[in-house]
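Heavy atoms only: backbone and side chains are in, while hydrogens, waters and symmetry mates are out. Letters go in sequence order (proteins before strands), and every chain restarts at 1.
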2 protein chains.
Amino acid sequence: MTELKYLELPPCPVATTALLIGDHWKILIIRELLNGTKRFGELTKGLDGISNKVLSQHLKVMESRGLIERRVYAEVPVKVEYSLTDIGWKLKPLIHEMWQWGELYKSIEANK
Amino acid sequence: MTELKYLELPPCPVATTALLIGDHWKILIIRELLNGTKRFGELTKGLDGISNKVLSQHLKVMESRGLIERRVYAEVPVKVEYSLTDIGWKLKPLIHEMWQWGELYKSIEANK
DNA sequence: TCACATAGTTACCTATTAGTAACTATGTGA
DNA sequence: TCACATAGTTACTAATAGGTAACTATGTGA
């Protein structure tokens with residue numbers, strides 16, 4: 001879901017979450033922001049291989065859905081900071097579970 | 001990730017999980033199978049609007065990655081059952097977190 | 001012999017997503 | 001005046017994912 005438009009939420013909460021963040025890049029953007037506020041360029045560095053275009057699209061959609069906040073500083077060169085909103089921070093346990101399960105999966109793969 | 005091929009796992013566990021199940025349909029397939037073993041046709045009914053082709057592709061990839069198991073019964077007409085593997089079941093807390101967060105998000109949206 | 005049911009497969013097409021590379025805006029300081 | 005840095009945007013193209021509808025295999029029973 002990269003497109004910016006009105007979203008009808010599905011009845012199932014799992015489907016709702018899948019719709020909002022069930023996407024490779026969005027998950028990793030949240031992972032980055034769980035380490036604190038980041039600038040655009042810092043996010044680019046943390047997200048291996050993401051292009052300006054794709055990062056900027058995802059940030060816009062996530063902001064419009066209330067997951068992250070964008071703050072512009074009138075400095076030169078301009079400084080823009082992204083951070084999680086309250087509800088964005090509530091994704092922390094979910095990302096934590098992803099971390100746990102990913103480690104488990106990797107350890108099992110490694111012992112094959 | 002619908003394609004069936006050798007997967008190099010990323011160093012980050014979160015990225016690993018995102019790679020394996022960070023996808024709308026796979027999340028919902030797991031949600032379905034957390035309610036127990038299901039036949040192909042039952043999955044189709046539970047996954048609103050999924051086509052035969054897409055369901056079958058995802059099931060194949062998930063089986064090859066060790067998340068689900070496929071069991072064929074020599075009945076007529078043929079009966080095929082899908083279920084979670086051990087590591088598949090370990091996704092339960094993650095899906096539970098998705099449920100929780102989805103409910104929270106929906107309740108906030110509803111009060112806007 | 002034929003229709004039925006399940007569990008797919010296949011060919012073809014469309015839609016969505018991502019990648020690339022060049023370009024924009026802005027104020028500063030050499 | 002010109003280059004610099006940040007944070008994008010834009011046009012174009014490529015890759016991936018999904019939709020549709022018809023088709024396959026199999027043994028049963030009318």
For A:Val76, enumerate each residue passing the side chain to side chain contact (heavy atoms under 4.5 Å, CB included) test, keeping only those at least two apart in sequence or located in another chain. none
How many angstroms lie between atom CG of B:Leu94 and atom CD1 of B:Ile30, to the nearest 0.5 angstrom? 8.5 Å
Rounded distance (Å) that lies between atom C1' of C:dA18 and atom CG of A:Asp48: 15 Å
Starting from P on D:dG18, measure out to CG on B:Leu28 and report it in whole angstrom. 11 Å
Does A:Ile50 or A:Glu75 map to a spot on DNA chain C nearer the 5' end, using the closest nucleotide for each? A:Ile50
DNA chain C in dot-bracket form (Watson-Crick or G-U pairs under 3.5 Å, [ ] crossing, | inter-strand) is ||||||||||||||||||||||||||||||
Check whether A:Thr17 reaches the backbone of B:Met98 with its side chain - one donor and one acceptor, N or O, closer than 3.5 Å. yes
Rounded distance in Å - NZ (B:Lys45) to C1' (C:dA5): 11 Å
A:Glu63/A:Arg65 ion pair, N-O < 4.0 Å: no
Would you mind building the protein contact string for nucleotides 6-15 of chain D? One character per nucleotide, 5' to 3', B for base within reach (heavy atoms under 4.0 Å), S for sugar-phosphate only, - for untouched. BSBBBB----
For A:Arg71, is there an ion pair with A:Glu69 - N to carboxylate O distance below 4.0 angstrom? yes
Charged N to carboxylate O below 4.0 Å: is that the case for A:Glu42 and A:Arg39? no
Separation of atom NE2 in A:His58 from atom C1' in C:dG19, rounded to whole Å: 12 Å
Give a yes or no on whether a salt bridge exists between B:Glu103 and B:Lys106, defined as a side-chain N under 4.0 angstrom from a carboxylate O. no
Here the distance between atom P of D:dG18 and atom NE2 of B:His24, to the nearest Å, is 10 Å
Nearest heavy-atom approach of A:Trp25 to A:Gly49 is CH2-C, 4.5 Å
note: B:Ile29, atom CD1; D:dA17, atom C1'; distance rounded to Å ~ 13 Å
To the nearest Å, give me how far apart NZ (B:Lys26) and P (D:dA17) are. 8 Å
Looking at every heavy atom in both B:Leu55 and B:Leu43, which two are closest together, and how far apart are they? CD2-CB, 3.9 Å
Integer-rounded Å distance: D:dG18 P and A:Asp23 CG: 12 Å
